[in-house]
Amino acid sequence: MGVNDIDYGPLAALVGTWQGDKGVDVAPEPDGTEENPYFETIVFEAAGDVSNAETQTLAIVSYHQVVSRKSNGEVFHDQVGYWTWDPATRTVAQSVNIPRVVAVLAGGTFDGDTSGPEVVLEVKAAKGDPDWGIIESPFMRDNASTLAFEHRLEVRGDTMKYHESTSLDIYGRKFDHTDTSELKRTSA
Ligand code: HEM
């Protein structure tokens, strides 16, 4: 089957290039919090499907997100991964890979209508969770551990909004590292 003949379910709404300049990042500092306004580009590509153990078939959308600090224009977050859709169980999963050497495999159930005006994807992971977990390097485990991750992403036409919450154990305390953004689709 061609890449474009596949039923991507709710992930079809993601495909394209998205740009936004309304992002707000809240990140930890040793003695407090830093708030970083940002702009970003996220490219989502329909990437076909995969079958597992001759039983499960997943539709795949790959993505690359590049985020820059407004104050100096420099890239300060780069992320790649896949969104997958399992129509048999209505499960959506997101794999998150960041160069700090942290990987997240977050999952959730999509119970909306793929042909409705809005698609809302919600996925979660937690360290040690048997279903949807987090893996990190020994350094990050010991110094800046990611304990949990939650992501809510909404697409309405050519507008995307998301809120991500990454719970960290850093500088001897728990910190809710958050990222909120709004983007527009700039090409299909
Ligand atoms: C738009 C998305 C994101 C942006 C702009 C962003 C930005 C930042 C910034 C500015 C810091 C503070 C760095 C420092 O001062 O040392 C930070 C820390 C961190 N971020 Fe993110 N982040 C994003 C998403 C994520 C995600 C999705 C994860 C994990 C799945 C993550 C994991 C971490 C960790 C573990 C740290 C602690 C490391 C440190 O502060 O030295 N971030 N992030």
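Both ligands and their constituent atoms are indexed starting at 1 by order of listing.
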How far is atom 10 (C) of ligand 1 from its nearest protein heavy atom, and which residue and atom is that?
Glu34 OE2, 3.4 Å
Same cluster or not: are Val102 and Trp83 linked, directly or through other Ile, Leu, Val, Met, Phe, Trp or Tyr residues, by side-chain heavy atoms under 4.5 angstrom apart?
yes
Ignoring water, what protein N, O or S atoms are under 2.8 Å from atom 21 (Fe) of ligand 1?
His177 NE2
The complete set of ring pair (Phe, Tyr, Trp, His ring centres under 6.0 Å) pairs with one or both residues in residues 154-176, sequence neighbours excluded, reads His151-Tyr162
Same apolar cluster: Val123 and Val80, side chain cutoff 4.5 Å
no
Shared hydrophobic cluster, Trp18 / Val75 (ILVMFWY, side-chain heavy atoms < 4.5 Å)
no
Under 4.0 Å from any heavy atom of Ile170, which atoms of ligand 1 are there?
37 (C), 39 (C), 40 (O)
A student checking ligand 1 against Tyr38 at a 4.0 Å heavy-atom cut-off should list atoms 1 (C)
Just jot down the ligand 1 atoms closer than 4.0 angstrom to any heavy atom of Met140, in number order.
35 (C)
When you group the ILVMFWY residues by side-chain heavy-atom contacts below 4.5 Å and let the links chain together, are Leu105 and Trp85 in the same group?
no
Is Glu122 salt-bridged to Arg152, going by a charged N under 4.0 Å from an acidic O?
yes
What are the atoms of ligand 1, with element, lying closer than 4.0 Å to any heavy atom of Thr146?
35 (C)
Below a 4.0 angstrom heavy-atom separation, can you tell me which part of Glu164, side chain or backbone, both or neither, approaches ligand 1?
side chain
For atom NZ of Lys127, is the number of surrounding heavy atoms from other residues, nucleotides or ligands below 6.0 Å larger than 12?
yes
Flag the pair Glu34 and Arg69 as a salt bridge only when some basic side-chain nitrogen lies within less than 4.0 angstrom of an acidic carboxylate oxygen.
yes
Can you tell me if His151 contacts ligand 1 (heavy atom of the residue under 4.0 Å from the ligand)?
no
Would one find more than 12 heavy atoms of other residues, nucleotides or ligands at under 6.0 Å from atom CD of Glu45?
no
Gln79: numbered ligand 1 atoms lying under 4.0 Å from its heavy atoms
27 (C)
Using 0.5 Å steps for rounding, measure from the CD atom of Glu35 to the CG atom of Asp25.
8.5 Å
Tell me whether atom 16 (O) of ligand 1 lies less than 4.0 Å from at least one protein heavy-atom position.
no
State the atoms of ligand 1, each with its element, that fall below the 4.0 Å cut-off from a heavy-atom position in Phe149.
27 (C)
Sub-4.0 Å heavy-atom approach of Glu29 to ligand 1:
yes
Hey, does Ser71 have a side-chain heavy atom less than 4.5 Å from the side chain of Asn36?
no
For atom 30 (C) of ligand 1, what's the nearest protein heavy-atom neighbour? Residue, atom name and distance, please.
Val104 CG2, 3.6 Å
I need the atoms of ligand 1 closer than 4.0 Å to a non-hydrogen atom of Phe76, numbered in the order shown.
5 (C), 10 (C)
As an exercise, state the distance from CG of Leu58 to OG1 of Thr89, rounded to the nearest 0.5 Å.
8.0 Å
Between the side chains of Gln19 and Glu40, is a donor N or O closer than 3.5 angstrom to an acceptor N or O?
no
Counting from 1, what ligand 1 atoms have a heavy atom of Asn36 closer than 4.0 Å?
10 (C)
